[in-house]
Amino acid sequence: MDHRFFYWLFWTSALLYPFVLWPGRFGAAWVNPEEVWIFPKVVFLLLVGVLGMVEGRRALTTPFGLLMALYLGLVLLSSFRPLLTDDPTYTLLGGEGRMDGLLYQIGLVLFALLAFRVFQKEPRGFRAFSYVLLGSTAFQSLLLLLQRLGLEPIGPLLRGLPYEAPVGTVGNPGMAAGLLLPGLLLGLGLWLERSAPRRGHLKDRFSFLFFPLTALMALGLGVTLNRAGLLGLTVALGLWLLRQRSLHLALTGALSVLLALSAPTLIPDRQGFSKEFSNPTTGFTRLLIWKLAWEGIRSTPGQPLLGGGPDAFRVALLTRIPFERLLEEYRLEYGWPKGAKAKEIKPLWTSQDPLRSRAWLVLFGNWRDERTGKQAKILRVYLDKAHNLFLDRWLSYGLFAALVWVYFYPGGALKAWGDTPLRQALATGLIGLFVYYLFWFPVPQVEPLHAALIGAAFGLSRRVELPGSPGPV
């Protein structure tokens, strides 16, 4: 096939991907995130990956392609045992509410290889991709602001009711923050490049919009109240300033961070979204979750070479980690008082029951639930994410699979860095995502676009002068 087909395939799929949805049950107060946000995107990703495989497979002769092949091989090997011994749907599709199983991992790798080949063969296309990402994430920010104001159209279209939190079209504020972070930095890069315009080109006529759109994304990032995204933005801008001393960058970067911090005050909260930037509970729960994840890694057969498959963390909590260890995380997450100690824990399951249906009756000796007035609770294992990309990948697919991704983000930043603000924005965007993923987890709703940025960073191996642009890519 002609290369232009693959270029447009990638370009249009990147534009549409965040908005691929399937309406849930109309009028339902709760909808299954798998049906609405995730499954349609996984199917779309696989379709694009298969269509682009003819071009993407040519990347397998490059170091980037070999690393992607190594990762996919480790995914397949780690998934083989749970495919035979566990419910195969949890291996093929992934954990409940995640759907980041084997099928998604295949689509993710194929999409990253396609991105690599597109930008390796046509580096000039990265500017167009930046416009796509800027427009897509700016529109996402507008949706987030409308959702905070109670005016958004997505909830009524999907279920007949507005959402109670800014979720965009990805289903979660934290995931929306991961989508906006690289778009915001690319917007800054485009804004910084507009100082040497040439007449007669469409992008020059509308370059005055780059910073207003970036400011809109900063407000959108702020209303998600996601500290990982804000920290990623701050670290990325700080490193950018260390490498490229610029008053213009310092002013626009500082204004972006200020807008993100001020967004919860500037944008009225009509939906009662009670989370706050200053709440330290999330940080404390992360530490407990990482400790549990490390116990899961140590107890998983095959580690460190192979992981336990897509749902490894939850399986470890259900089978190998004492339930008492999980109660401390539940205490912080659900706001139980410090004195709420478990007097007795009784399993409510037998070995014949389905693994993920297991529940425990927890009897408290000195505390009653204010809502129910009871001293007992029936609890299940809902935790299935390590809230750290690298721990998640280590748990699921082994240490070497995790190290591939540890390399991709800072390694891609080093590959992408160049003399132009747009190349610098790509590099710092990957650094920002690296920081974000230290406290967050990969999800099908946004990670493929991050993988595309990694593919772009490795594919842009040479500088190219763009017709009508102020400099190289």
| query | How far does CZ of Arg148 sit from CG of Leu225, to the nearest 0.5 angstrom? | reply | 6.0 Å
| To the nearest 0.5 Å, what is the distance between OG1 (Thr300) and CZ (Phe313)? | 10.0 Å
| task | Start with the C-alpha gap between Phe116 and Phe458, add the side-chain angles, then the distance that decides, and say whether ring pair (Phe, Tyr, Trp, His ring centres under 6.0 Å) holds. | result | CA-CA 7 Å; Phe116 173 83; Phe458 282 89; 7.4 Å; no
| message | Please check this pair: side chain of Ser396 against backbone of Gly309, looking for a donor-acceptor N/O pair closer than 3.5 Å. | response | yes
| said: Can you confirm whether Ser13 sits close enough to Phe111 that some side-chain heavy atom of one is under 4.5 Å from a side-chain heavy atom of the other? | reply: yes
| task | Inspect the surroundings of CZ in Phe139 and state if more than 12 heavy atoms from other residues, nucleotides or ligands are less than 6.0 Å away. | result | no
| query | Side chain of Arg314, backbone of Gly95: donor and acceptor closer than 3.5 Å? | reply | no
| request: Step by step, work out the side chain to side chain contact (heavy atoms under 4.5 Å, CB included) result for Phe39 and Met99. | output: CA-CA 7 Å; Phe39 184 69; Met99 298 204 73; 3.4 Å; yes
| task | Return the minimal non-hydrogen interatomic distance between Leu16 and Phe44, and the atom names on each side. | result | CB-CZ, 4.3 Å
| Smallest separation among heavy atoms of Gln303 and Leu395, with atom names | NE2-O, 3.5 Å
| OG1 of Thr61 to CG of Leu66: how many Å apart, nearest 0.5 Å? | 7.5 Å
| Are the aromatic ring centres of Trp394 and Trp405 under 6.0 angstrom apart? | no
| said: If I take atom CZ from residue Arg58 and atom CG from residue Leu60, how far apart are they, to the nearest 0.5 angstrom? | reply: 11.0 Å
| task | Would you check if Trp37 and Asn172 make a side-chain contact, meaning some heavy-atom pair closer than 4.5 Å? | result | no
| task | Examine distances only and state if a side-chain atom of Ser78 and a backbone atom of Gly307 form a donor-acceptor pair shorter than 3.5 Å. | result | yes
| query | Looking only at atom types and distance, does a side-chain atom of Gln147 sit under 3.5 Å from a main-chain N or O of Val167, one as donor and one as acceptor? | reply | yes
| field | Pro40 versus Trp22, closest heavy-atom pair with distance | value | CG-CB, 3.6 Å
| task | Using modelled atom types only, decide if a donor and an acceptor are shared between the side chain of Asn388 and the backbone of Phe439 within a distance under 3.5 Å. | result | no
| task | Using ring-ring contact (aromatic ring centres under 6.0 Å, His included) as the criterion, list what pairs up with Tyr437, not counting sequence neighbours. | result | Tyr409, His450
| field | Qualifying residues under side chain to side chain donor-acceptor pair (under 3.5 Å), relative to Thr89, sequence neighbours excluded | value | Asp87
| query | How about Pro18 and Val446: do any of their side-chain heavy atoms sit closer than 4.5 Å? | reply | no
| request: Please report the shortest heavy-atom distance between Ile38 and Gly97, naming the atom on each side. | output: CD1-O, 3.2 Å
| query | Which residues pass the side chain to side chain donor-acceptor pair (under 3.5 Å) test with Tyr436, sequence neighbours left out? | reply | Trp440
| query | Where do Leu180 and Met217 come nearest, in terms of heavy atoms and distance? | reply | CD1-O, 3.9 Å
| request: Spell out, as yes or no, whether a donor-acceptor pair under 3.5 Å connects the side chain of Gln424 to the backbone of Trp417. | output: no
Compile the donor-acceptor pairs under 3.5 Å between side chains in residues 70-77 and protein atoms, sequence neighbours left out, one pair per line.
| from | atom 1 | to | atom 2 | distance (Å) |
| --- | --- | --- | --- | --- |
| Tyr71 | OH | Gln105 | OE1 | 2.6 |
| Tyr71 | OH | Arg393 | NE | 3.2 |

| message | If we ignore hydrogens and angles and just use 3.5 Å, is the side chain of Thr137 paired with the main-chain N or O of Leu134 as donor and acceptor? | response | yes
| task | Take Leu192 and Phe210 through the test side chain to side chain contact (heavy atoms under 4.5 Å, CB included) and record every step on the way to the result. | result | CA-CA 9 Å; Leu192 294 172; Phe210 290 154; over 6 Å; no
| Any residue meeting ring-ring contact (aromatic ring centres under 6.0 Å, His included) with Phe80, in chain and number order, not counting sequence neighbours | none
| said: Checking Tyr17 against Ser136 for the side chain to side chain contact (heavy atoms under 4.5 Å, CB included) test, could you report, in this order, the C-alpha distance in whole Å, the side-chain angles of both residues, the deciding distance, and whether it holds? | reply: CA-CA 9 Å; Tyr17 188 80; Ser136 174; over 6 Å; no
| said: Please check: side-chain N/O of Lys415 versus main-chain N/O of Ala457, any donor-acceptor pairing under 3.5 Å? | reply: no
| message | Within the supplied structure, the quantity of interest is the number of heavy atoms (other residues, nucleotides, ligands) at a distance under 6.0 Å from Phe211 CZ; does it exceed 12? | response | yes
| said: Before we go on, tell me: are the rings of Phe434 and Phe408 under 6.0 Å apart, centre to centre? | reply: no
| query | Between NE2 of His387 and CD1 of Ile289, what distance do you get to the nearest 0.5 Å? | reply | 5.0 Å
| note | The ring-ring contact (aromatic ring centres under 6.0 Å, His included) partner of Phe126 among Tyr7, Trp11, Phe119, Phe10 is Phe119
| With no hydrogens and no angle check, is any side-chain donor or acceptor of Arg380 less than 3.5 Å from a backbone partner on Ala359? | no
| remark: Between Ala260 and Leu230, the two heavy atoms sitting closest are CB-CD1, 3.9 Å
| field | Side chains of Leu45 and Pro444 in contact at under 4.5 Å (non-hydrogen atoms) | value | no
| Geometric cation-pi criterion Arg356 and Tyr90, 6.0 Å radius, 45° cone | yes
| message | Using side chain to side chain contact (heavy atoms under 4.5 Å, CB included), reason through Leu460 and Gln120 one step at a time and then give a plain yes or no. | response | CA-CA 6 Å; Leu460 293 170; Gln120 185 186 44; over 6 Å; no
| Does any non-hydrogen side-chain atom of Tyr407 lie less than 4.5 Å from one of Leu403? | no
| query | Which value, rounded to the nearest 0.5 Å, describes the distance between Leu188 atom CG and Leu237 atom CG? | reply | 6.5 Å
| Are the side chain of Gln445 and the backbone of Met175 linked by a donor-acceptor contact shorter than 3.5 Å? | no
| field | By salt bridge (charged side-chain N to carboxylate O under 4.0 Å, His left out) - contacts of Asp392 (at least two apart) | value | Arg98
